[in-house]
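So the structure is just underneath, and the comments pick up after that.
Chain naming here is simple, since letters A, B, ... match the order of the sequence lines and numbering starts at 1 in each.
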Protein chains: 2
Amino acid sequence: MAEPQPKTQTKTRIQAINEDIILSAALEVFSAFGYRGSTVDQIAERAGMSKPNLLYYFHRKDDIYRAVLEKTLAQWLTPLRGLDPNGEPLAEIARYIRAKMAMSRDNPKASRLFANEMLHGAPAIGDFLSGPMKVLVDDTARIIKTWIAKGQIAAIDPYHLIFSIWAMTQHYADFDIQVRAVLGADSEHFADAETTIIRLIQDGLKPRS
Amino acid sequence: MAEPQPKTQTKTRIQAINEDIILSAALEVFSAFGYRGSTVDQIAERAGMSKPNLLYYFHRKDDIYRAVLEKTLAQWLTPLRGLDPNGEPLAEIARYIRAKMAMSRDNPKASRLFANEMLHGAPAIGDFLSGPMKVLVDDTARIIKTWIAKGQIAAIDPYHLIFSIWAMTQHYADFDIQVRAVLGADSEHFADAETTIIRLIQDGLKPRS
DNA sequence: AGCGCTCTTGACCATTTGATCAAGAATTAA
DNA sequence: TTAATTCTTGATCAAATGGTCAAGAGCGCT
């Protein structure tokens, strides 16, 4: 719906290239200024094309926003899908924390885009939250519960465990400014943070003998 | 500077009342839509007065924003100031977590206003971050370090410990929508979250014998 | 080369929005 | 009561901004 509607159903080479350029520029701008704070002109300039040309590919500002958001959401949940119910729980969770931390470090803009959407009530992705995301969280909670039932980890609320991991890892992308104001611009702190978070979670999950 | 400049230096009764009304309306609107997403008209309507009247008290949109932000910041750091170096570490930290959690529950809008400002690079409160906030965090980190030195708690990076607590507690205000999409509208989860967070942190801090 | 379709953009439009102003209403102090 | 001051708002303005349009440039296929 957001794409131009040429006679041909297949995507032109130029279309593919430009849509990529636009989405990349849009992520940059939207993540920095929010939806309302970003202008189509800004995105167009960043994409190196005129505003009408940008609107040739995405007819409305909202279309651009939703497209870049959708592109982000998929990759957002990916690490959680990798949890192996038969793996060693503490190792599995450590792996997950590392994956989320890597996303915060390598793609903070996507994290901020997502956070901003959340902060303002998720007007564009409410369905995603109560749909695919809830399903995945429920599935993951179930896995954690079986670990608890088998006595592999201590009894803990799986949902709040997941939220805690999300909160701690995403914090370093979303509140990057704050972290840097306190720790300095040096980006070494990602590694330290990872260590601390894994340590906190693992200590909390060690089965009581 | 944001106030009207009448001949009298003291604040009128009406001034005091209306400024309060305006700041309250502004928190409501700014926290929901962000700076750019909010309009002066919206705030004026919510405050029950005309736009020119609102601008009589705060000459610029930016003045309203900064005023409400400043009002929020003070209360934001308060709980951290209460940490008693001579208290029992685990109890002190549990108390702090409860205080932060109460803020998330009772004043989520302030949290979201703050988070939004952070997310977009803290254009209005950069000085606050590298000033008063950094000082307070450094002081708190120092207290934690003495606890570690005395063997009262396990060795952990105090800064990342603080960030983790912030992240986990604020998450329930800032990502309220997400939490509710997963756990349902019932607000019982604040209590469960508090338990889980305190448990995670305390387990991570128990001194190794 | 020639033709149809895709791509590109300057100019333009309508709406929104931050801010101003003048003039009248309400409040306060004497 | 009265006069000075403060408070309030309808009308209005200029700038910013999302979106349109027509006309021309470029691309790909035969």
(message) Quick check for you: among C:dA19, C:dT17, D:dC27, whose closest atom lies nearest to any side-chain atom of A:I14?
(response) D:dC27

(message) Tell me the interatomic distance from B:I64, atom CD1, to C:dT17, atom P, rounded to whole angstroms.
(response) 14 Å

(message) In this structure, how many angstroms lie between the C1' atom of D:dA22 and the CG atom of A:L55, rounded?
(response) 16 Å

(message) Under 4.0 Å from OP1 or OP2 of D:dT17: is there any side-chain N or O of A:R60 that close?
(response) no

(request) Flag the pair A:D174 and A:R112 as a salt bridge only when some basic side-chain nitrogen lies within less than 4.0 angstrom of an acidic carboxylate oxygen. (result) no

(message) What is the distance, to the nearest angstrom, from the CD atom on A:Q42 to the C1' atom on D:dG18?
(response) 13 Å

(request) For the side chain of B:R36, starting at C-beta, report the closest nucleotide among C:dT16, C:dT9, D:dT17. (result) D:dT17

(request) Indicate the ring-plane relationship of B:F175 and B:H171, choosing parallel, tilted or perpendicular according to the 30° and 60° boundaries. (result) parallel

(message) Check the phosphate of D:dT8 against B:Y56, side-chain N and O only, distance under 4.0 Å to OP1 or OP2. Yes or no?
(response) no

(message) What I'd like to find out is whether the side chain of B:F163 reaches to under 4.5 Å of the side chain of B:M168, using heavy atoms alone.
(response) no

(message) Whether B:R13 contacts D:dT6 is assessed here as follows: a side-chain N or O lying under 4.0 Å from the phosphate OP1 or OP2. Is that the case?
(response) no

(message) Strictly below 4.0 Å: does A:Q15 bring a side-chain N or O up to OP1 or OP2 of C:dC7?
(response) yes

(message) Can you confirm whether B:K71 is buried at NZ, in the sense that more than 12 heavy atoms of other residues, nucleotides or ligands lie under 6.0 Å from that atom?
(response) yes

(message) Just the rounded figure in Å: distance from C1' of D:dT17 to CG of A:D62.
(response) 15 Å

(request) Answer yes or no: does a side-chain N or O of A:Y57 lie under 4.0 Å from OP1 or OP2 of C:dT6? (result) no

(message) Using OP1 and OP2 only, check whether a side-chain N or O of B:N53 sits under 4.0 Å from D:dT9.
(response) yes

